[in-house]
Structures are given as C-alpha cells and as structure tokens.
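Chain letters run A, B, ... following the sequence lines, proteins first, then strands; residues in each count from 1.
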Amino acid sequence: MTRITDVFKKNKKVFIPFVTAGDPDLATTEKLIYAMEEAGAGIIELGIPFSDPVAEGPVIQEADNRALAAGFKIDHLFEMLKKVRQHTEIPLVFLTYANPIFTYGRDRFFAHCKETRIDGVIVPDVPYEEKDTLKDDAVRYGVEMISLIAPTSHDRVQMIAREAQGYIYLVSSMGVTGVREKITTNLGEIVEKIREVTDRPVAVGFGIAEPAQAAEMAALSDGAIVGSAIVKIVARYGKDAVEPVKAYVREMADAVRKVS
Amino acid sequence: MSNGRYGKHGGQYVPETLMNAVLELQEAYEHYKKDPEFLQELQALYHDYANRPSMLYYAERMTKDLGGARIYLKREDLNHTGAHKINNALGQCLLAKKMGKKRIIAETGAGQHGVATATVAALMGMECVVYMGKLDTERQALNVFRMKLLGADVVPVETGTMSLKDAVNEALREWSRRCEDTAYCIGSVMGPHPYPMMVRDFQKVIGEEVRQQMMEKEGRLPDIVMACVGGGSNAMGLFYDFIPDKEVQLIGVEAAGRGIDTAETAATIACGKPGIFHGMESYFLQDNDGQIAPVYSISAGLDYPGIGPEHAYLYDSGRAQYVPITDDESVKAFEYLSRIEGIIPAVESAHAVAYAMKLAPTLPKDKIIVVNLSGRGDKDVAAIARYKGVDLHD
C-alpha cells in the first residue's frame with residue numbers, strides 16, 4: 001500500500017493533471033499545485049524540464065524550453081517542493097528523462113525525492129530493459145518507478161505490468177504527447193491484458209483534452225492523465241494561468257469522477 | 001545489464017513506444033548479418049554501386065612537405081555520393097527492405113548521410129524523409145537540393161538548437177508515430193542497440209580494406225590510423241578491424257570548434273561527462289543538471305553533443321586516443337590538402353588531416369599514418385569561402 005495506490009482505492013476514478021515545473025516560473029508552479037488539488041486532482045505529475053524531450057510533442061517541448069530559458073534548476077525545484085510539503089500531501093510524481101537524473105546524481109536525486117515526499121517518477125526513455133539504471137536508488141528512497149505501456153507494446157504488456165509500481169501509464173496512441181481529436185487504439189483490450197497479471201491501477205494519457213474524452217478513458221481504466229492541454233493554458237496565460245487552469249482541471253476532474 | 005553494452009556504455013534507452021520497433025530491428029539484424037545471401041547482396045552493392053574498394057593513396061607530397069611519418073589517405077571521398085555514409089545507408093536500407101519496410105526516415109547533419117540515404121532509397125524504390133536542423137539546411141543548401149533531386153522530402157527541424165541532435169530528436173519522434181512501415185536509418189554509431197553495432201558492422205569494411213591494402217603496399221600494418229569523430233561512424237569503421245592489433249594506434253579527432261576552453265565546441269571526449277541520451281549511455285556535452293549543451297563546430301557533420309558508445313569504451317579502456325582540432329586548424333588543413341595533393345576534403349575529414357599535419361613531423365620517417373578521408377569537400381566550398389570572408393556572388 002502506497003500513497004498512490006491509496007488514492008486509487010479511495011476514489012474510483014482519478015484525474016491526474018501534468019504541468020511542466022518552472023513554466024513560466026517555480027512560484028507559478030507552486031500555486032498551480034495547490035489550485036489543481038483544490039480543483040479535484042488526485043495525483044499531480046510535475047515535468048522536470050529537459051533540453052531534448054524525445055517523447056514530447058511541441059506543446060511540452062516549448063514549455064521545457066521556456067522553463068530552461070527562465071533559469072530552471074533541479075535544486076530550485078526541490079526547494080520549492082519543501083515549501084509545498086508544508087501545505088499539502090497530495091501524491092506528486094515527476095516526469096523527466098534519464099539524463100537529468102543520471103547527471104544530477106541518482107542517489108542525490110532520489111534522496112531529495114524522499115525528503116520532499118515525491119511518490120513516483122516516470123522516465124520515458126528508461127524502458128523495462130533498462131530499469132535497473134534507476135531502480136536501486138529509487139527503491140532505497142521509497143520512490144515508485146512508474147512504467148509506460150504503449151499501443152505498440154503487444155507481447156510486452158504483461159511483462160511490464162507484472163513488475164509495475166505505482167500506477168501504469170497507458171499511452172493512448174502512437175507518437176508523442178499532444179492533443180488528439182480522436183483516440184483509436186483498442187485500449188480496452190490492453191487494459192484487460194494488464195488486469196490479468198496485476199491489480200495495479202491503470203491511467204490513460206497522451207492526447208486527452210476534452211471532458212468527454214477524459215471520461216471515456218477513465219471509464220475503461222482507473223484514471224486519465226492530461227498534460228499538453230493544461231500546458232497550453234499555462235503557455236497562454238503565463239503567471240496568470242492559475243485560475244484558468246483551476247477551472248479547466250475542475251471540469252476535467254468532475255467529468256472523470258462522475259464515471260462509475 | 002541490458003543488450004548492446006560496451007563496458008558501461010550503450011544500452012537501449014528509448015521510450016516504450018519504440019521498444020518493439022528497436023527489438024524487431026535487433027532480431028532482424030541478428031538474422032541477416034549471418035545470412036550469406038544478404039551479405040552477398042550487400043557486397044555486390046558495395047562493389048558495383050558504391051565503387052568499393054576505395055583507394056588507399058600514398059600522399060607523397062604531403063609526406064615530404066611535413067618531413068616525418070609516411071601518410072596514406074583512405075579515399076572514402078571517392079565513394080558514390082562522396083562519403084563513407086553510403087556504406088551504412090546501403091546496409092540499413094537493404095535490411096529495411098528485407099524487413100518489409102516501405103519508408104525510410106533519417107537524420108542528417110552536414111547532409112552526407114541524408115544524401116546517402118536518399119540515394120539508396122531511390123535505388124530501392126522506397127519513400128524517404130530526411131530530418132535536418134534548420135541551421136544545417138542553410139549551411140548545406142546544396143545537399144538539401146541534392147536530396148530533393150533524389151526524391152526525398154527534407155524536413156527542416158526548428159526545435160532546440162536546430163542542428164544535428166534536434167534532427168535526431170525529430171526522427172525519433174516521427175518513428176514513434178509510425179514504426180510499423182517505417183525504418184529509421186541512423187547515420188552514425190550511436191543511438192539505442194543495435195544501431196551502434198550495426199552501423200559499425202556496415203562501416204568496418206573501411207578498416208578491413210586498409211589492412212589488406214597496407215599489406216599489399218607496405219607489407220605491414222600501419223602504426224597509426226586516424227579519423228574525425230562526431231558520432232564516430234567513419235572512425236569506428238576504420239578502427240574496428242585494428243582493435244586486436246595493439247601495435248596499431250587508434251586516434252579519433254574531435255571538433256573543438258573555437259577551442260575546448262570555450263563554450264563553442266563539439267569535443268565530447270575533451271569536454272563531456274557521462275550521461276544517457278539518444279538511446280545510449282556514453283559521454284555528452286551537458287550542464288550539471290544534465291541539460292544537453294548547445295554545440296558548435298564549423299563542420300555540420302561533427303556538430304553533435306555525444307559520441308558513440310563503443311568510442312566511449314575505447315577511450316575508457318585506453319585503446320584509442322581522442323584529440324581536439326579547432327575550426328581554424330581544420331580550415332587550414334582543408335586548404336593545405338587541396339593545394340598539396342589536389343584533394344579537397346570534407347571539412348569533417350579536414351579535422352583528421354589537421355591532426356596528421358601536427359603529428360607526422362614529430363615522428364620518424366619509417367612510421368606510417370593512415371588518415372581516413374571520410375568525405376569530399378565540394379559541399380563545403382561555399383561555407384569555407386564565408387569563413388574566409390569571401391563573397392562568392394561578387
């Protein structure tokens with residue numbers, strides 16, 4: 001039982017918003033965390049910006065660029081999160097790439113994660129075959145490694161699901177992150193395969209922007225993850241994004257929670 | 001440890017969305033690399049289409065002028081399309097065809113790999129899309145036009161630093177959108193396994209030929225073989241066959257740009273740190289937070305913030321040495337070789353020539369250096385003119 005699985009136990013369906021940390025600055029990110037929790041987020045994913053995020057579409061790439069251009073540093077993020085943890089215990093999950101963790105120092109990174117009670121990390125460019133690169137350090141500090149399963153995973157689905165921690169991030173469609181009009185993958189089939197081997201919760205991400213889409217994805221899994229649609233609002237409103245993001249997250253979270 | 005490790009380097013660091021595509025490629029390559037029919041077809045293409053073997057040329061005037069070691073030039077610049085890149089493009093496209101892929105995507109820096117891939121795609125009747133940093137499309141406009149002539153689409157990449165690494169990012173993103181019918185033809189000994197191994201295997205013909213040609217001409221192995229290194233494919237191709245011959249010194253020449261004590265450099269071994277990027281653990285130019293550094297070199301083909309994992313291993317183990325050469329030094333070598341031997345080298349290859357110019361005079365006359373002339377310099381003439389402040393339109 002972890003704080004992540006707890007959230008899924010207590011709420012039938014969980015809405016998971018994503019923002020890029022430091023976009024446009026860390027003070028705004030801090031306010032966004034409180035606002036998104038208030039609006040009904042069950043878990044929050046925080047992107048640690050990377051110069052070359054190969055799994056991201058243009059929206060999140062640009063957010064990473066804005067944050068880095070504004071002087072983002074991992075140390076500053078952890079300082080901000082110490083403040084956040086004086087106000088909320090909402091489960092927080094990092095999304096970043098192998099190199100920032102590797103170069104910052106794996107032991108140092110996960111030690112800080114423990115200190116700021118970060119619940120999990122998603123590292124898209126560390127697949128199942130390479131998970132030992134981070135696992136020992138993550139486990140030592142009680143941080144869960146969240147795995148992705150893709151429409152192209154086929155015979156890998158159960159292998160990944162069996163060893164999954166936290167929740168399973170089910171990628172809705174081919175390609176990179178970003179808003180899509182329609183999601184055509186047969187996700188129900190993949191969820192079934194996952195359920196055969198694990199009772200870990202499954203949340204669907206990539207391409208979700210509309211409340212109806214989020215509800216649909218949550219209906220066939222345990223939750224919906226939304227990144228690019230929120231990051232777009234932050235891009236548009238900058239430091240004034242807190243209220244519009246809050247309104248959007250409320251709408252999405254309500255739609256997800258209504259699913260039974 | 002996972003597949004494809006060279007010491008601690010290498011691996012398969014790609015998103016799950018690409019993992020099955022990478023494994024499918026690995027399996028296919030493991031099969032075809034032992035398939036006599038595949039190897040025979042590839043040999044025939046090397047010979048009849050790419051004009052292999054490339055000559056090993058004794059640079060007599062250069063040797064006399066420098067007054068030290070004997071210098072041989074391995075003339076990869078005489079291959080079809082004007083660089084060593086054709087060796088790998090033939091191998092990967094033939095493999096893609098065997099795998100039933102209809103479409104080839106590639107990244108390119110200077111444009112040589114893009115041209116080679118577009119060429120082979122035309123030869124094999126496959127659709128081809130080349131990703132190229134927008135800055136590079138401007139620096140190498142001629143190659144952009146060549147690729148279009150060959151029927152390829154060229155996509156200028158406007159993200160990040162708009163150069164080679166960003167072209168790789170975009171190609172990886174495109175591959176994750178469409179991997180079922182598309183093969184990604186990586187141009188160097190980099191990326192996730194099996195690419196570093198596969199590209200090296202398709203390039204190792206360079207070193208194998210050098211060995212044979214050197215035995216014919218001199219009756220012995222060379223003392224030193226050297227090549228420029230960006231990702232490192234021409235160097236790996238030259239080095240590989242000589243790795244077991246400890247008496248043969250292997251030297252990789254990196255692009256120092258404006259100098260390794262400046263931020264405008266692409267010398268990964270000199271200035272980089274261990275990291276994980278573009279599918280592999282290796283050395284990368286980066287800051288303390290692991291953000292990949294913007295790199296700079298006059299040469300668009302060496303303008304890459306990393307180095308192939310097998311090079312990283314050869315460096316760690318001390319088997320190969322890596323030295324930096326600046327823009328200025330490479331431009332001098334570019335002009336020097338043009339005048340003294342009547343050979344205009346690619347500005348990439350000119351980095352290796354520049355180091356030979358430094359090293360040869362310090363060695364006795366019975367020593368032998370082989371320099372890999374990885375490409376020809378026609379594509380660079382306009383850029384060199386600009387560098388020297390000459391306006392070609394006057």
Per-residue contact mode, [X] against chain A (heavy atom under 4.5 angstrom):
X      : value
B/E170 : side chain
B/I292 : both
B/P294 : neither
B/D287 : both

Subject >> Parallel, tilted or perpendicular: ring planes of B/Y315 versus B/Y322, cut at 30 and 60 degrees >> reply: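 Plane angle over 60°, so perpendicular.
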**OP:** Nearest 0.5 Å please: distance from the CG atom of A/D125 over to the CD atom of B/Q12.
**Re:** 13.0 Å
Original post:
Hey, what do you get for CD (A/E115) to CG (A/L81), rounding to the nearest 0.5 Å?
Top reply: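 Atom-to-atom, A/E115:CD and A/L81:CG are 10.5 Å apart.
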Subject >> Salt bridge present between A/D107 and A/R140 (N-O < 4.0 angstrom) >> reply: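 So A/D107 pairs with A/R140 through a salt bridge.
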Original post:
Does B/K102 come within less than 4.0 Å of B/D181, counting only side-chain N to carboxylate O?
Top reply: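 Answer for the salt bridge query: no.
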**OP:** Find out whether A/F110 and A/V121 are in side-chain contact, i.e. whether some heavy atom of one side chain is under 4.5 Å from a heavy atom of the other.
**Re:**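 Touching, per the 4.5 Å side-chain cut-off.
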**OP:** Would you please say whether a donor-acceptor pair under 3.5 Å links the side chains of B/E16 and A/S153?
**Re:** yes
Original post:
Taking B/S176, B/A21, B/C179, B/G279 one by one, which has the highest count of heavy-atom pairs under 4.5 Å against chain A?
Top reply: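 Option with the top pair count is B/S176.
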Original post:
B/D289, B/V14, B/L172: which one forms the most heavy-atom pairs within less than 4.5 Å of chain A?
Top reply: B/D289
Subject >> Pick from A/N65, A/T133, A/I48 with the largest number of heavy-atom pairs that fall under 4.5 Å of chain B >> reply: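 With the most close heavy-atom pairs to chain B, the winner is A/T133.
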Original post:
Highest number of heavy-atom pairs under 4.5 Å with chain B: which of A/S173, A/A150, A/S51?
Top reply: A/S51
Against chain B, label [X] side chain, backbone, both or neither, depending on which of its atoms sit under 4.5 Å from a heavy atom there.
X      : result
A/I101 : neither
A/L68  : side chain
A/Y104 : both
A/E56  : backbone
A/V171 : side chain
A/P53  : both

Subject >> Test of ring centre spacing under 6.0 Å for A/F78 and A/F109 >> reply: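 Centroid distance A/F78-A/F109: below 6.0 Å, so yes.
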Original post:
Under the criterion side chain to side chain contact (heavy atoms under 4.5 Å, CB included), which of B/M236, B/M280, B/M197, B/H9 is the partner of B/E310?
Top reply: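 Result for side chain to side chain contact (heavy atoms under 4.5 Å, CB included) with B/E310: B/M236.
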